[in-house]
Amino acid sequence: MAKYLIKKQLLIIACCYCGVLSTQIVNAADANMRLQKEESLKLEQYLSSPTKTLKQAIEESEALNREKKPALDLNLKKIMQRYDQPEEAGVLTLPLADKNPSTQFTLADLRIKALKNNLNIQVAKVNPEIAASDVRKEEAKFDQIFYIYAKYKEGDYPTQSSDYVDFKSDNPVLDKQEVKLSLLEQEKKILDVETGIRVPLRTGGTVTLSTPIANKRTSRQDAQFDSKEYQNALRFSFSQPLLRNAGIDVNEASIRIANFEQQAATLNTRLQSIRIIAMVDKAYWQLYESWGALDIRRQQYEYAQQNLQMVRTRVSEGLTARVEINRAEIGVADRLEALIIAETNLKLANRQLQFLLNDITDDSASTKLYLPTTAPNLVKYDIDRKKLMQDALEGRIELLTQELSLAADLAKIDYLENQTLPLFSIDYQYGALSNTFDRLGKSYQSIADGDFNDWSVGFKFEMPLSNEAAKAQLARAVQQRGQRLTTKTLQTLTIKKEIYDAVDQVDQNWQRILAARQQVLIAGINYEAELKQFNEGLRTMTEVLETLTRLGEAQIKEVKAIGDYQIALVDTAYATGTLLGYSKLDFTE
């Protein structure tokens, strides 16, 4: 027994230690408040300085560059505009555009479609319903139980020899010594019926109120002593454990745990929806990049076609050597390969978005293309990292789910600690009995008179010799809670890292946009200059095509930087446990 008490004290100390480690146990009200929170991150709430448009940022960058080095002759208007469209003679007709008509969608439209069609969200929506069924099941264990037990027995018994007995009586004449009793041949028909109601108590006890009825019929062939007997009773019984399984907290522990699991399932469903919407947002901007890359590759091909036509004209006029035609044709072939790759990348990006929207058709040849219509948000955000981090740690769904799991672990530990106690219970029973009558109605009247009764009280004690099973379960629950506390600490560190990484990516990609825009401008000016020098006979077509390639790569970098900037904003919102505020969404539909 001393060994048991020492182990018990160690387990209790371990429970208290885990309780100290837990910084906060969320309750049902906290979880409900989080579920009612709007899932939309407004970046304007976290600005440390006013936003800047891309034009303003470029002007500031140009002013800064002029202070550091001699000014370049840059045309800002030309930077913000597209290059002139090539002539129709050199335009490539893509099979992609002919066979697959595009469908225009805004980002908000795709989000709503994802919530309705995404299979992962549909699967996740079932989990709260399953958890709610578990809660109902646990709450139903205190339902009152109405029962009826009935048993009918019939037997045709032969004569049976019994033991020797003697009789003693107040009348000495009736005294008999050494009398042998025998059960004569007879038929018995017995009907036992008991009906009642059993009430489980939240304290762990049980109250039962019942009324048993017995009907016995005995008969012989001579029918001289046939009998018909009725007897019933009204019984009340009460049983209550005093140690193990005693108390409201212990018996309601499973209900509290089921409620925590239901709230966690609801939060996880919302988290799954946020995750899918973030994936849709990122797939949308990747598709935006693919459309931009395809457009640039088409433009590169058209410029190469124009150069080829120009070279052929100059060769026919005797102004350029014929070898320049071969160089121009090589440039056209290189850009055709890049155009084919860009077309395939567009198909892959489009199919990824279709996968998230559950919109992949069986006929791949007739697959529609999504055409992004939501313009990128080219605004510079100087984010207040401290405030963003604080809100993320308070509202991140993974941390709230972990808190609910910790609360469930604590309730489980309290229950398992009770299960290590001995089983000690008290039982009481009282019955109001009736006399034996030949009619059923008389027996009920006899109960009301209260002439006959019986009652009993008893105690029950059980205790395993080692009790290792219960103590092992308690130790496992304590260790599991300690493991979950460590996991929560790791999740907190991970969230901090995700926030800082996302904000750094936002800053980096904005700088990439500015740098790529300058590259496009300079590469465009350089290409036009090389083309003019080629017309004057100072450059070969190879050198012209090299500058055209640099122009195309600079444009690709710009499109990718813009797409990556939007994706970084999505990652920033997701790191806080919310969505970027393009639209308000209802996750309960």
Side-chain angles (χ1 to χ4, degrees), residues 23-24 26 30-31 33-61 63-64 107-108 111 267 270-271 273-275 277-282 284-285 374-403 488-517 560-585 587:
T23 56
Q24 179 184 6
V26 74
D30 296 331
M33 288 178 62
R34 179 60 185 88
L35 290 173
Q36 295 172 4
K37 183 177 179 180
E38 181 181 342
E39 304 293 356
S40 179
L41 174 64
K42 306 296 184 183
L43 290 175
E44 289 77 5
Q45 303 173 9
Y46 302 97
L47 298 183
S48 57
S49 62
T51 60
K52 299 175 184 177
T53 64
L54 180 59
K55 182 177 180 180
Q56 292 172 340
I58 291 176
E59 291 176 347
E60 291 182 3
S61 178
L64 184 61
L107 186 54
R111 284 179 158 196
L267 287 173
R270 186 172 290 253
L271 175 61
S273 301
I274 294 174
R275 181 181 293 115
I277 294 302
M279 293 172 63
V280 169
D281 287 358
K282 295 169 75 170
Y284 176 91
W285 294 116
T374 300
N377 184 19
L378 296 179
V379 176
K380 175 67 169 68
Y381 292 99
D382 291 323
I383 299 176
D384 186 347
R385 301 189 178 200
K386 184 177 181 181
K387 186 175 186 301
L388 188 67
M389 179 67 67
Q390 180 181 357
D391 289 353
L393 294 178
E394 291 177 356
R396 186 72 176 253
I397 292 181
E398 292 95 325
L399 293 181
L400 290 172
T401 304
Q402 201 67 254
E403 289 287 356
K488 181 190 172 186
T489 303
L490 177 60
Q491 282 184 332
T492 302
L493 292 175
T494 303
I495 290 172
K496 290 180 179 180
K497 178 180 179 298
E498 290 177 357
I499 290 290
Y500 291 137
D501 289 350
V503 175
D504 286 341
Q505 288 290 331
V506 170
D507 293 339
Q508 168 195 282
N509 292 328
W510 178 256
Q511 297 299 326
R512 286 176 56 200
I513 292 174
L514 297 179
R517 177 69 70 166
K560 184 168 178 55
I562 292 175
D564 290 348
Y565 181 69
Q566 305 306 310
I567 291 175
L569 294 178
V570 173
D571 289 337
T572 302
Y574 180 77
T576 65
T578 58
L579 295 171
L580 201 58
Y582 288 104
S583 62
K584 294 183 178 180
L585 298 173
F587 291 98

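Not measured: the values here are computed from a predicted model. We're numbering straight along the sequence, starting at 1.
Asp564 places no side-chain N or O within donor-acceptor distance of the main-chain N or O of Asn509, the cut-off being under 3.5 Å. The closest donor-acceptor contact from the side chain of Tyr284 to the backbone of Thr374 lies under 3.5 Å.
Of all non-hydrogen atoms in Tyr574 and Ala278, the two that sit nearest each other are CD1-CB, 4.0 Å. Across every non-hydrogen atom of Ile499 and Ala392, the tightest pair is CD1-CB, 3.9 Å. Closest of all the heavy-atom pairs between Ile274 and Thr578 is CG2-O, 3.7 Å.
Contact check for Leu378 versus Gln566: side-chain heavy atoms found under the 4.5 Å cut-off. Between Leu514 and Gln511, some side-chain heavy-atom pair lies under the 4.5 Å cut-off. Contact of the Gln505 side chain with the Thr572 side chain is not registered, since no non-hydrogen atoms from C-beta on lie closer than 4.5 Å. Between Leu393 and Leu399, the closest side-chain pair of non-hydrogen atoms falls below 4.5 Å. Within the 4.5 Å cutoff, side-chain heavy atoms of Ile277 are placed close to those of Asp281. Within the 4.5 Å cutoff, the side chain of Val503 has no heavy atoms near those of the Tyr381 side chain. Side-chain contact between Arg512 and Ile562 is absent, with no heavy atoms from C-beta onward closer than 4.5 Å.
Going from atom CG of Leu267 over to atom OG1 of Thr401 covers 4.5 Å, rounded to the nearest 0.5 Å. Here the OG1-CD distance, from Thr576 to Glu394, works out to 12.0 Å after rounding to the nearest 0.5 Å.
Applying the ring-ring contact (aromatic ring centres under 6.0 Å, His included) rule to Tyr565 yields the partners Trp510; only residues at least two apart in sequence or on another chain are considered. In this structure Lys282 satisfies the salt bridge (charged side-chain N to carboxylate O under 4.0 Å, His left out) test together with Asp571, sequence neighbours excluded.
When each of Lys496, Arg396, Glu398, Gln402 is checked for a side chain to side chain donor-acceptor pair (under 3.5 Å) with Gln491, only Gln402 meets the rule.
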